[in-house]
Amino acid sequence: MNPVNITRWRDAAVLVSLSIGLAAQRIRFESYESEKTGLLLLLGAVMVAASLAASRSIWRHPILLAVGGLLLWGLVSTIFALTPALSFWGASYRAQGWLALLAGFILMWSASQLSDSARAQIPPLLCLIAIPMCLLAWVSRLGLDPALPQLDRPVSLAGNVNFLDDWLVMILILIAPLLVAPRRLRWLGLATAVLVLATLLMTEGRAALLSLSAAAIFALLVWSAIHRRRGLLMAVVSCLMIGSILYAVGGSIGVRLFTLDDPARTAMWKDGLSLIGQMTIPFTDAHQTPDSSAALRPLLGYGLDNLEQTHPRLIESPYYFSSWIDRFHNQMLDAILSLGWPGLLLHLGIYLAALLTGLRALGLLSTRRAGMGLFISLVLGCLIGLGLAAFVQVELAPIGAGLGGFVGLLGWLTWKAFTAQGVGEGLRPSPMEKSPNIIILVTLLALIIQQWIANQFGFTQTLSQTLWWVALGLLIRETGSGIFPVNQAQMNNDKGGLAIIPGLFLIHSLGTFPLGLQYAGLPSLLGVALVTVALGGWTLGMDKRGWMVLLICGLTVTLLRSISAGLLGQGTGISLVLGAGLLAMSGLLMVVVAVLWLVRKLPENNDFPLSLSRWRWLLLTVCLLIGVLLYVVPYTGAALHRIGDTLAADGKTAAALYSLDLALLYTPVDSRVYLSRAHVYLSTNTPSGLEAARQELNRLFQDAPFMANTRNVYDLRPVLRE
């Protein structure tokens, strides 16, 4: 094999990872995040084996050091977590444990070494990913498919409207380089942008649109600063004033998009601050043993994905009985509670490292005076925002600090726009000769700002974090070894393989499921898949072979689902495991075909060549086996869990318990499987059922004693009490 070819595998894995947001298997229990994390781990296995040769500048890059520090501290926190296994694997319904953090680090590391050709394919690919999301949301909103619920704020494939909004905003920012692309790609970018904006207005995502506005203002101020265009600066100020007036008018007439009142988030921020104030008070586990690490909780946190075990202290919350409060809709609060105060500092370090390196590459931080001015502006903005917010309402303090820092940054950029002596001092040759690079850098920095604002009001998930890690990797690529010129010819070449990628993932979401778990809106999904692939094929070009691959994959998935339905219908042990395992093969098939297709299409990458020696073949094989297991095994367990719940709802108690018992073999720590079994036993309304339910909880408490503090178990205590 050509010694350079292995790097194509890494580039292909990075590009395919962008499409995991389209993966949605309703057969899985809470599948909208756990499956995406599993797919990311599977692709990460390919990246590890193909990303061993990095330049020294990348290893020393501040962004990579900050993320690496967060990864290491997350491992330390995992060791001392309330439930270490849960912190490592992640909760079944979120899958945001240390493994997800590791997958993000690998993705960022691999994206930092992308070839120019692979990087140029990201914007058009993101267009083809956003289109089906938006179309499905509109189908639901307009009631065009009776099988889909007609919602005011449809969730599409993302599983949650807030995740969908944040994801679409990130895509909208990252497709900005298409503004300087050839005509056909430019029209694709503009059409996608219009569709995304219309969807965001329809879903009325306040935090998403606020973060998008902040990113746009930041980008315009940066542009005016590096090019010293004071007219543009005055236009930005005028738009801000007009926008403020329109926002006030919209809020006064009750339009949700312009209404700041949000009692849910305010209550959760209050709960988060309350928990931080009680971190040194030990929890008592199921065995009445106090937390031995309570004194270290401010330093170590409770562990990733462990916050559900803190519910007893939130019993006064108005949302205690209606939701699982495992995130507090603010990244700073979540970071402190999960990883302690050092975790917060490391999160802040990632944003600061990204901002500083980007501004330095643009020539805006070439002097000590500029750096000192930025530091003072950020600190003053944070302190003033913190004070004003706390004066109004104490639970708004974290939000005030975050938004205040951003306002301080805008003030500093305004000062730079008026005092800049030249254009892009840090770039050689001049910025005008490398304008695509300026656009890419400003775009990446705008996304950093957008995520900072969005995460003041939400929480991170695999769906949007995939784009976040890729953006950080590209920023390292742009600022680690000098700025790489974009070959304009590559913006129009080698795109024939792109249209097939979203098509494959949409095929993965097609099909019928056994036991009555039909996908609601199957005709709509099929129609959207065809429209997306046809549009991508027409815009970017796709040969007959691509259509043939999609057809073969569709037929194969249909066959796998049919065989799976027959096996699951038998209800025996081996048939249940094989049936659930075959469902996982659908996602595995899509990823393998997508990666191999792009490997065939991508040109050779000579930036970081790797020879495929015998030991690297061995490493690649081992990594792939681990990746397959990390995806297929949890997938099978989650499918068996969902099947067991469905059987229980149909009154098939014995079959349900059997399926749930098998699910335990595939889930390292999943309190909900134990709870499902306990509920099945309780539904019998017999003394033996009550005793069996107690035994199920005792089995759970042997592995994870602090699960006794979760809301589900806490609510069961009166029923199970002697």
Side-chain angles (χ1 to χ4, degrees), residues 24-39 41 83 85-86 88-95 97 99 305 308 324 513-517 561 564-588 628-684 689 692-704 707 710 712-713 716:
Q25 283 293 323
R26 298 295 179 88
I27 187 67
R28 293 202 52 170
F29 189 80
E30 297 282 2
S31 63
Y32 59 85
E33 282 302 320
S34 54
E35 183 179 12
K36 295 172 177 59
T37 300
L39 288 172
L41 287 168
T83 301
L86 188 64
F88 180 79
W89 293 99
S92 61
Y93 56 99
R94 293 284 189 224
L99 273 181
D305 261 8
E308 188 185 357
W324 289 276
F513 302 133
L515 303 173
L517 295 175
R561 303 277 170 76
S564 173
L567 290 170
L568 292 171
Q570 295 179 19
T572 61
I574 188 65
S575 66
L576 283 173
V577 173
L578 288 177
L582 281 178
L583 291 173
M585 295 302 294
S586 170
L588 186 61
V628 169
L629 289 175
L630 289 175
Y631 172 65
V632 172
V633 173
Y635 189 113
T636 303
L640 289 169
H641 186 183
R642 181 66 177 271
I643 292 166
D645 283 350
T646 304
L647 290 169
D650 293 339
K652 301 175 182 178
T653 303
L657 290 172
Y658 194 64
S659 181
L660 292 170
D661 196 39
L662 289 172
L664 290 174
L665 300 176
Y666 295 87
T667 50
V669 176
D670 192 346
S671 63
R672 299 185 182 219
V673 178
Y674 287 101
L675 291 170
S676 293
R677 287 177 59 83
H679 279 289
V680 172
Y681 281 121
L682 288 173
S683 66
T684 63
R694 292 195 187 102
Q695 292 177 5
E696 288 298 321
L697 292 184
N698 287 333
R699 289 173 62 191
L700 170 63
F701 298 152
Q702 292 301 316
D703 296 330
M707 285 292 181
T710 59
N712 276 353
V713 176
L716 277 177

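This chain uses plain numbering: 1 for the first residue, then up along the sequence. This structure is a prediction, so every number in the text was calculated from the model and none was measured.
- Separation of atoms NE2 (His641) and CG (Leu662) is listed at 13.0 Å; rounding is to 0.5 Å.
- Between the CG atom of Leu582 and the OG1 atom of Thr636 there is a distance of 9.0 Å, given to the nearest 0.5 Å.
- Shown here for Asp305 and Ala91, the closest heavy-atom pair between the two residues is OD2-N, 2.7 Å.
- With hydrogens and angles ignored, the 3.5 Å screen pairs no side-chain donor or acceptor of Thr83 with any backbone N or O of Ala704.
- With sequence neighbours left out, Val628 forms a side chain to side chain contact (heavy atoms under 4.5 Å, CB included) with Leu42, Leu588, Val632.
- Note that OG1 of Thr710 is 8.5 Å distant from CZ of Arg672, once rounded to the nearest 0.5 Å.
- Of the inter-residue distances, the one linking Tyr631 atom OH with Lys36 atom NZ reads 10.5 Å to the nearest 0.5 angstrom.
- The line from CG of Leu647 to CG of Leu657 is 10.0 Å long, rounded to the nearest 0.5 Å.
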Checklist line | Stepwise side-chain contact (heavy atoms from CB on, under 4.5 Å) check, Asp645 with Leu660 | finding: CA-CA 8 Å; Asp645 283 350; Leu660 292 170; 4.1 Å; yes

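- Nearest heavy atoms, Met707 versus Phe701: C-CE2, 4.0 Å.
- Summarising the geometry of Ala648 relative to Val680, their closest heavy-atom pair is CB-CG2, 3.7 Å, with the distance given to 0.1 Å.
- Applying the side-chain contact (heavy atoms from CB on, under 4.5 Å) test between Tyr658 and each of Leu576, Thr653, Leu640 identifies Leu576 as the sole match.
- The shortest side-chain heavy-atom distance between Leu664 and Arg699 falls under the 4.5 Å cut-off.
- Of the possible polar contacts, none joining the Ser659 side chain to the Ala656 backbone as a donor-acceptor pair under 3.5 Å is found.
- We find the CH2-CG distance between Trp89 and Leu630 to be 5.5 Å, quoted to the nearest 0.5 Å.
- Between Leu675 and Leu697 there is a side-chain heavy-atom pair separated by less than 4.5 Å.
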